Amino acid sequence: MNTDKNNYKKKINEIIKKIHIPDRAYPVIRYIALGAAALVLIYASYSLTNSYLDYKEDEAKYAEINEMFHSQSDDNQNKKNSKKNMSYSSSITTWKWNYKAMLRYNDEAKGYIKLDGTRIQYPIVEHEDNKYYLKRGSDKVSNGAGAIFLDYRTAGLDGRICILYGHNMMDGSMFKELMNFRDSSFAKAHQTFDVYVGYRHYIYYAFSTFSAKDDNDSIYQYGFEDDDSYQEWLNTVAGKSTFKFDNKLPGINDKVILCSTCVDNYGNRQIVCIYRGEEVVD
């Protein structure tokens, strides 16, 4: 902050010299400029503090949601585990998706997305527009981190294609870790997602990751006229991938989720495309 303040003072002094201000007015203007700089720094500190509090509130909120799906393992399962693991404890819990509980929490919940080894483990919600969850958490309460939400213009998680949006948060939450797919070692280690659609659980396979503009109509599509146009879109997004995944490429009978997050404030987005694989019986 001291460096910013010194640079600000230097620029003010340069501007004042160019204006040819009378010497007696110079000290007054100088103090006004310094006061303005101080106010800017105070406001910046206030904004950073609010952001930090938002991050902590968001972290606690989603930890609480995640805890909703932890349940005590039954005795028979515990006995089986005890034979294999000498560190067996009766307090063993398992994570199990409970769509009814999620609907009680938010009646606009559509599912859940998880990427093992990352902070991507969030409910998927959908509103009648794309603005609502930009500044609201999955509990519908105002929060700068927002939520992971479906583009209302697509056919939902059971459609041919749907788009999921999430903020690129500085604390690493929401869809921040989609940026890690720019690193080949990360992409290689994270080729499958768990996606819960209503009451069902599916494995989804990553097949493309790349950057694009948010107004690129050839990427951000919401439906297709026929099989040929869908196949053309699949070929387009697969061809843009900066990493070659081990998974096969999807076809016209596959359902695709396009996960999107902001790269910057100029419309650039990081995208990870995944397609539905086998259903898992939990």
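Treat the numbers as computed from the prediction; the structure is a model and nothing was measured. All values below were derived from every heavy atom in this structure, side-chain atoms included, with hydrogens, water molecules and symmetry-related copies excluded.
Using a 3.5 Å distance cut-off with no hydrogens or angles, the side chains of Y62 and Q121 do not pair a donor with an acceptor. H127 and E108 form a side-chain donor-acceptor contact under 3.5 Å, judged by distance and modelled atom types alone. D194 and H201 share a donor-acceptor pair across their side chains, judged by distance under 3.5 Å alone. Using modelled atom types and a 3.5 Å distance limit, the side chains of D246 and Q191 yield a donor-acceptor pair. Between the side chains of T154 and D151, no donor N or O sits under 3.5 Å from an acceptor N or O. Using modelled atom types and a 3.5 Å distance limit, the side chains of N235 and Q231 yield a donor-acceptor pair. Side-chain polar atoms of Q221 and S229 form no donor-acceptor pair below 3.5 angstrom.
Taking the centre of each ring, F245 and Y205 stay at or above the 6.0 Å mark. Taking the six-membered ring for Trp and the full ring otherwise, Y204 and F193 have centroids separated by 6.0 Å or more. Ring centroids of Y220 and W233 are separated by 6.0 Å or more, keeping the two rings apart.
The same ILVMFWY cluster, assembled from side-chain heavy atoms under 4.5 Å apart, contains both Y222 and L258. When the side chains of ILVMFWY residues are joined at heavy-atom separations under 4.5 Å, either directly or via intervening members, F186 and M179 end up in two distinct hydrophobic clusters. Put simply, F207 and L115 are part of two different groups of oily side chains (I, L, V, M, F, W, Y) that touch within less than 4.5 Å, one to the next. No chain of hydrophobic side-chain contacts below 4.5 Å, direct or via other Ile, Leu, Val, Met, Phe, Trp or Tyr residues, connects V125 to Y122. I161 and V195 are members of different hydrophobic clusters when ILVMFWY side chains are connected at heavy-atom separations under 4.5 Å.
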(request) Evaluate the criterion salt bridge (charged side-chain N to carboxylate O under 4.0 Å, His left out) for residue pair D158 and R200; output intermediate values, then yes/no. (result) CA-CA 11 Å; D158 277 321; R200 291 161 284 136; 2.9 Å; yes
(message) One pair to check against side chain to side chain contact (heavy atoms under 4.5 Å, CB included): M174 and I120. What are the steps and the verdict?
(response) CA-CA 6 Å; M174 307 314 291; I120 297 178; over 6 Å; no
(request) Using the salt bridge (charged side-chain N to carboxylate O under 4.0 Å, His left out) rule, take K140 and D107 through it: C-alpha gap first, then chi angles, then the decisive distance, then the call. (result) CA-CA 10 Å; K140 300 185 180 181; D107 60 355; 2.8 Å; yes
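Cation-pi contact between R276 and Y202: present, with separation from the ring centre below 6.0 Å and deviation from the ring axis of at most 45°. Relative to the six-membered ring of W97, K114 misses at least one condition, a distance below 6.0 Å or an angle of at most 45° to the axis.
Here CD1 of I203 is found 6.0 Å from OG1 of T192. Values are rounded to the nearest 0.5 Å. Atom-to-atom distance recorded for K188:NZ and F243:CZ is 6.0 Å, nearest 0.5 angstrom. Distance CG/N168 to SG/C262: 7.0 Å, rounded to 0.5 Å. Atom CG of D254 and atom CD1 of I274 lie 12.0 Å apart (nearest 0.5 Å). Note that CZ of F181 is 11.0 Å distant from OG of S208, once rounded to the nearest 0.5 Å. With rounding to the nearest 0.5 Å, the separation of OH in Y196 from CD1 in I124 is 11.0 Å.
Here the closest heavy-atom approach between residue C259 and residue I113 is recorded as SG-CD1, 4.2 Å. Across N106 and Y133, no two heavy atoms sit closer than the pair ND2-OH, 3.1 Å. Between A238 and L249 the shortest heavy-atom distance is CB-CD2, 4.0 Å. Pairing each heavy atom of D264 with each of G267, the nearest pair is OD1-N, 3.6 Å. The minimum heavy-atom distance linking I148 with G166 is given by the pair CD1-CA, 3.7 Å. In terms of heavy-atom proximity, M68 sits nearest to Y105 at SD-CD1, 4.1 Å.
Of the possible polar contacts, one joining the S241 side chain to the T209 backbone as a donor-acceptor pair under 3.5 Å is found. Of the possible donor and acceptor atoms, none in the side chain of K255 sits under 3.5 Å from a partner among the backbone N and O of C162. Under the 3.5 Å distance criterion, the side-chain polar atoms of S138 are left unmatched by any main-chain donor or acceptor of A147.
Remark: K96 NZ is loosely packed, at most 12 non-hydrogen atoms of other residues, nucleotides or ligands lying under 6.0 Å away. The environment of E278 atom CD is dense: over 12 non-hydrogen atoms of other residues, nucleotides or ligands sit within 6.0 angstrom. Within a 6.0 Å sphere centred on NZ of K244, other residues, nucleotides and ligands contribute 12 heavy atoms or fewer. The environment of CD in E232 is sparse: at most 12 heavy-atom neighbours from other residues, nucleotides or ligands sit within 6.0 Å.
In this pair, Y112 and W95 present their aromatic rings tilted. The plane angle is within the 30 to 60° band.
With respect to S211, the side-chain hydrogen bond (donor to acceptor under 3.5 Å, both in side chains) criterion is satisfied by exactly one of K240, R182, R269: R182.
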